[in-house]
Amino acid sequence: MNLNTDMTVNRITDEIWEIPMSEKPGMLVPARIYATEGILQAMDSGVFDQVTNVACLPGIRRYALCMPDGHWGYGFPIGGVAAFDVQDGVISPGGVGYDINCGMRLIRTDLTLADVQPYLEKLMTELFRKVPAGVGASGFVRLSREDFGRVMTHGAKWCVERGYGWHRDLVRMEEGGCIEGADPSIVTDHALQRGINQLGTLGSGNHYLEVQVVSNERIFDPVTAAALGITGHEQIVVMVHCGSRGFGHQVASDYLKVFEKAMRRYGITVKDQQLACAPFRSPEGQDYFSAMNCAANTAFANRQVITHQIREAFATVFGRSAEALGMELVYDVAHNIAKVERYAEGELVVHRKGATRAFGPGSPELPETFRQTGQPVICGGSMETGSYLLVGTDQAVRDTFGSTMHGAGRTMSRAQAKRTVRGEQLQLQMKKRGIVVKAVSMSGLAEEAGLAYKNISEVVESVARAGIIRKVLELRPIGNIKG
DNA sequence: ATGTGC
């Protein structure tokens, strides 16, 4: 087997690979990578280096994990999962990522492809107008400092109370769209200033809003699909990928600085400065956790306001209310977050960075709505290929701290993609293939070309065979809004 | 990801 590492990588099963503790001095647990052999061989050397660095962090339990969409990231690999004991373990901003509570949202409709096709251009124009996108974009919601504080503490709940969306949306979000223990007083003024005008904005990079169609022949589990509101027949859905924008970015930057100093104070050494961390129980650790939760709630709120704007755009174009169009939320799930969860080892701080929670039907944490199906997992592919709706399993809870993959995962750097693809040409080609793209930046569009990403079907297949999700259905894009 | 640099 030809891998991009000199380390010993042992095959545990066809989809689970383990790097033993003997491969790097200081490893406290083995590292495990979930991937088919093909995907493992394509993984960059950074994944092997970084996942074994994570395995050296104080208080880590069981394994440092990486999902099949994994690639090199800041300190931790993107696709990384690591759980630390709440008593003797650490919390690390690099294990969450700069975009705190970057996540996915899926909205169903009663519309079909035939209903939407004649109005697709008009719909995408209206969505592009109603959902501000691009670096530094401001939203339509004007907030006082007090109100922004409530967004930080109440998340999507604040939005719903202000008329941005429906009360029944809340049950269809991880944590009900509102994480407890967010204290706005420990957020810097700088972060507040950056975030206060960005509610309801998409952002840039790989963030997008996509109109998709359910491929009838690609419904793998019709019973679960129906339970989640998707019955097929070329049904139209809307997917949103975005996070906490400048606010979360500033929170991450602020605490990385704090943690670099704190590490010296607590005598913690790490393999890479980007793994800066602090004991979870320390004042610094608790402050970051609280500030991170402020950003996480802001991201839930951001996706909630965007949902409101999407519903308005559809209502305008189709001349019926969003309720009449059946625009119910399917689910909203984070893929950049740290959370305290209980496992066999006790209470752990589970870091998921480019990894999605995937609780199975047996999880008492899940609301009644999902106790039969398991928790929905939304995986966005590249804008040229498909996306997936999956559900978590009880095996994921046992094997991977209730975690799975989050998307296709890059194979090509942004710079390389820009050298290979021209945005204008890509937009034209996609139009010919029936995908209408509205983009703020043409170079940004080129960076997100499908050829820069792994084959999402193979990535999904890895985790399906490993038993840490069940496949529900695949979605195909027909319209995309990009920052 | 990001007022895409301290």
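Quick note on labels: first sequence line is chain A, next is B, and so on, each numbered from 1. All figures in this text were calculated on a predicted structure; none of them were measured in a lab.
Heavy-atom nearest nucleotides on DNA chain B were determined for A/Lys257 and for A/Glu448, and the one closer to the 5' end corresponds to A/Glu448. Toward the 5' end of DNA chain B, the nearer of the two residues A/Val135 and A/Arg410, judged by each one's closest nucleotide, is A/Arg410.
As judged by a 4.0 angstrom heavy-atom cut-off over every strand, A/Gly203 is placed among residues touching the sugar-phosphate backbone only. Using a 4.0 Å heavy-atom distance criterion, A/Gly205 is classed as a sugar-phosphate-only contact. Across all strands, A/His335 comes closer than 4.0 Å to no nucleic acid atom at all (heavy-atom distances). A/Gln198 comes within 4.0 angstrom of sugar-phosphate atoms only, judged by non-hydrogen atoms across all strands, and of no base.
Remark: A/Lys157 engages no residue in a side chain to side chain donor-acceptor pair (under 3.5 Å) (not counting sequence neighbours).
Here the P atom of nucleotide B/dC6 and the CD atom of A/Gln250 are 12 Å apart, to the nearest Å. Here the C1' atom of nucleotide B/dT4 and the OH atom of A/Tyr74 are 15 Å apart, to the nearest Å. Taking atom OH of residue A/Tyr98 and atom P of nucleotide B/dT2, one finds them 13 Å apart after rounding to whole Å. To the nearest angstrom, P of B/dT2 lies 10 Å from CG of A/Asn302. Straight-line distance from the CG atom of A/Leu445 to the P atom of B/dT4: 21 Å, rounded to whole Å. One interatomic measurement links the two molecules: CD of A/Glu260 to P of B/dC6, which rounds to 12 Å at whole-angstrom precision. Atom CG in A/Asp254 sits about 16 Å away from atom P in B/dT2, given to the nearest Å. When rounded to the nearest whole Å, the span between CZ of A/Arg414 and P of B/dT4 equals 15 Å.
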Derivation of the salt bridge (charged side-chain N to carboxylate O under 4.0 Å, His left out) call for A/Arg281 and A/Asp85 | CA-CA 10 Å; A/Arg281 288 289 185 218; A/Asp85 193 278; over 6 Å; no
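Between A/Ser204 and B/dT2 there is a side-chain polar atom (N or O) within less than 4.0 angstrom of OP1 or OP2.
Using the six-membered ring where Trp is involved, A/Tyr164 and A/Trp158 have ring planes that are parallel, under 30° apart on the 30 and 60° scheme.
Side chain to side chain, A/Tyr388 and A/Ser457 meet the donor-acceptor criterion of an N or O pair below 3.5 Å.
In this structure, the ring of A/Phe401 has its center no less than 6.0 angstrom from the ring center of A/Tyr63.
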